[in-house]
Novice: 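For reference, the structure I am asking about is given below.
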Amino acid sequence: MPVVASLANASAGGFGFGKPKGFPYLWITTASGGSGNYYFLTSSSTTGANGTWTARTSSFGTTPMYDVASNGKDLYVAVGDSGTLATSPDGITWTQRTSSFGTTSINGIAYGSDGYWVAVGSAGKLATSTDGVTWTQRTSGTSNTLNSVAYGASLWVYGGASGTMRTATDPTGTWTSRTSTISGTVSYVYYWPDKSIWCAGRDTSGTTGALASSTNGTTWTARDSAFSNPNIGIASNSTDMVTGYYDFFGSKYKVQSTEEGTSWSQTVGGSTGSSGLLYSFSSDDLDTLVMIAGGGNFFTSTNASTWTDRGAVQADISGETAYPHIANRICHSSGLPSIR
């Protein structure tokens, strides 16, 4: 099972999409039911995140889902265990595709404004597609497990086990090794288009060097976390970038933010017996930050410190209730792909 983290670029500008006027914001998050089946939960609104959800059949059955992404308009791609990959034009009807990963786990998926989809997984496997349907395996340059792939400012970046990080301007060509400055597993890489800043985080405890930032995606500087727990999930709006941690067993949550990518400050959390944050983060073109809590609730914020509870993320389907699972991911059609 891959590192738990969910990411979505905040601004359509980073991917070259215009911001649609009155276009329905379709949020999609991965979920599971008591029977072990995996589903999608969707929420649509012209005014952003509202917390009203409908359950959809995923076509994954009992195969775990690890990530879901959007091209910002008319295509969603979901990936998971055993090389499973599916596409949808609307987030409702899903079709299984041949991923080219065989039975190898696919841990991350992203779309770039250069027209490519890139998927990464275990054993250093990496594949590209221009339509989300036909996939071609590429040489990633490593055999380490890859967890996250991101696109921004005409550059692709992936991260993985043992601090692995590589970049490419053409994802079908050569990937160049970079020093991530992260000593553990790189659980995510992320591009903040509003401020042209890259960020990466690790999945192990400790404050020193737990994060890294870059202004060009190739040269990275170690940054300290505001708390000693692993960082799970990341997102940004025009003013803040946020990441956080949720201790499921201790019922403790923490959220930290930055305005420039270098220094991080804890904004909320740390109490015992809370409702539980976090499973995942995302954001939209209306400057709204969202996160899905460990207790199954949906929260929104515009300032990274004050969060509004929008209610439970759940819906009934096929005689059971679907909830976000522990490896939950979230993305939306009006902004951009999940990138992990």
Side-chain angles (χ1 to χ4, degrees), residues 4 6-8 20 23-99 106-111 117 119 131-133 279-284 290-293 295-300 310-340:
V4 179
S6 180
L7 327 158
F23 184 81
Y25 284 70
L26 181 65
W27 296 83
I28 296 183
T29 187
T30 57
S32 59
S35 66
N37 286 315
Y38 283 80
Y39 304 99
F40 293 103
L41 290 168
T42 65
S43 178
S44 181
S45 172
T46 58
T47 56
N50 60 18
T52 301
W53 300 89
T54 302
R56 313 291 185 180
T57 302
S58 72
S59 80
F60 275 69
T62 58
T63 301
M65 288 189 287
Y66 295 148
D67 207 357
V68 58
S70 167
N71 67 353
K73 46 183 181 178
D74 58 4
L75 184 62
Y76 300 86
V77 179
V79 297
D81 202 14
S82 303
T84 309
L85 183 149
T87 65
S88 172
D90 54 11
I92 298 173
T93 303
W94 291 82
T95 303
Q96 291 295 128
R97 307 294 186 180
T98 301
S99 69
I106 309 175
N107 301 330
I109 178 76
Y111 179 79
W117 291 86
D131 59 7
V133 177
Y279 276 3
S280 57
F281 278 107
S282 190
S283 53
D284 65 19
V290 307
M291 61 184 171
I292 291 180
N297 282 1
F298 190 64
F299 292 80
T300 65
R310 301 294 184 183
V313 183
Q314 65 181 66
D316 294 335
I317 185 172
S318 302
E320 63 180 324
T321 302
Y323 299 90
H325 56 85
I326 197 167
N328 163 261
R329 308 291 184 266
I330 184 171
C331 75
H332 62 101
S333 63
S334 60
L336 305 170
S338 307
I339 46 178
R340 187 174 63 83

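The model shown is predicted, which means the values in this text are computed figures rather than measured ones. Quick note: residue numbers are just sequence positions, from 1.
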Novice: Measure the shortest side-chain to side-chain distance between Ile330 and Trp27 over non-hydrogen atoms and say whether it is less than 4.5 angstrom.
Specialist: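 With C-beta onward as the side chain, the pair touches.
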
Novice: So which atom in Ser58 and which in Gly61 form the shortest heavy-atom distance, rounded to 0.1 Å?
Specialist: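 Answer, listing the atom of Ser58 first, then Gly61: OG-N, 4.0 Å.
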
Novice: If you define the side chain from C-beta out and look only at heavy atoms, does anything of Ile28 sit under 4.5 Å from Ser70?
Specialist: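 Ile28 vs Ser70: side chains apart.
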
Novice: Give the intermediate values and the outcome of side chain to side chain donor-acceptor pair (under 3.5 Å) for residues Gln314 and Thr321.
Specialist: CA-CA 7 Å; Gln314 65 181 66; Thr321 302; 5.2 Å; no

Novice: Which heavy atom in Leu41 sits nearest to a heavy atom in Ala315, and how many Å separate them?
Specialist: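 Result for this residue pair: CD2-CB, 3.7 Å.
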
Novice: Please examine the side chains of Trp53 and Thr29, heavy atoms only from C-beta on, and report whether any two atoms are closer than 4.5 Å.
Specialist: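 Yes. Closest side-chain heavy atoms under 4.5 Å.
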
Novice: Indicate the atoms forming the closest heavy-atom contact of Gln96 with Ala86, along with that distance.
Specialist: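 Closest heavy-atom pair between Gln96 and Ala86: OE1-CB, 3.4 Å.
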
Novice: Please tell me if the side chains of Asp90 and Ser88 come closer than 4.5 Å, counting only heavy atoms from C-beta onward.
Specialist: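 Result yes, sub-4.5 Å side-chain heavy-atom pair found.
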
Novice: Sequence neighbours left out, what passes side-chain hydrogen bond (donor to acceptor under 3.5 Å, both in side chains) with Thr300? Give chain and number order.
Specialist: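 Scan of Thr300 (side-chain hydrogen bond (donor to acceptor under 3.5 Å, both in side chains), adjacent residues dropped) gives Arg310.
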
Novice: Closest heavy-atom contact between Tyr66 and Pro64?
Specialist: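 Between these two residues, the closest heavy atoms are CE2-CB, 3.8 Å.
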
Novice: Would you say Glu320 and Asn37 make side-chain contact, with heavy atoms under 4.5 Å?
Specialist: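 Glu320 reaches Asn37 side chain to side chain.
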
Novice: Please check if the side chain of Thr30 supplies one atom and the backbone of Arg329 the other of a donor-acceptor pair under 3.5 Å.
Specialist: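 Indeed, once roles are kept as given, a pair shorter than 3.5 Å links the two residues.
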
Novice: So, the side chain of Thr62 versus the backbone of Gly36: is there a donor-acceptor pair under 3.5 Å, distance only?
Specialist: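 Side chain of Thr62 to backbone of Gly36, a donor-acceptor pair under 3.5 Å: no, none is there.
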
Novice: Please determine which of Val79, Thr87, Asp131, Thr84 meets the side chain to side chain contact (heavy atoms under 4.5 Å, CB included) test together with Arg97.
Specialist: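 Passing option: Thr87.
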
Novice: At their closest point, which heavy atom of Phe40 faces which heavy atom of Ala78, and how far apart are they?
Specialist: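 Where Phe40 meets Ala78 most closely, the heavy atoms are CZ-CB, 3.5 Å.
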
Novice: So do Leu26 and Ser44 actually touch side chain to side chain, heavy atoms under 4.5 Å?
Specialist: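 SC-SC contact between Ser44 and Leu26 confirmed.
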
Novice: Applying side-chain contact (heavy atoms from CB on, under 4.5 Å), run through Ile109 and Trp117 and close with a yes or a no.
Specialist: CA-CA 7 Å; Ile109 178 76; Trp117 291 86; 4.0 Å; yes

Novice: May I ask you to decide if the ring planes of Trp94 and Tyr76 are parallel, tilted or perpendicular, using 30° and 60° as cut-offs?
Specialist: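 The arrangement is tilted - the two ring planes meet at 30° to 60°.
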
Novice: Find out whether Tyr39 and Ser318 are in side-chain contact, i.e. whether some heavy atom of one side chain is under 4.5 Å from a heavy atom of the other.
Specialist: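 Result yes, sub-4.5 Å side-chain heavy-atom pair found.
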
Novice: State, to 0.1 Å, how close Met65 and His325 come at their nearest heavy-atom pair, and which atoms those are.
Specialist: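 Residues Met65 and His325, closest heavy atoms: O-CE1, 3.3 Å.
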
Novice: About how many Å separate OH of Tyr38 and OG1 of Thr57, when rounded to the nearest 0.5 Å?
Specialist: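 Thr57 atom OG1 to Tyr38 atom OH measures 15.5 Å (nearest 0.5 Å).
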
Novice: Are Tyr111 and Val77 close enough that some pair of their side-chain heavy atoms sits under 4.5 Å apart?
Specialist: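 No, side chains not in contact.
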
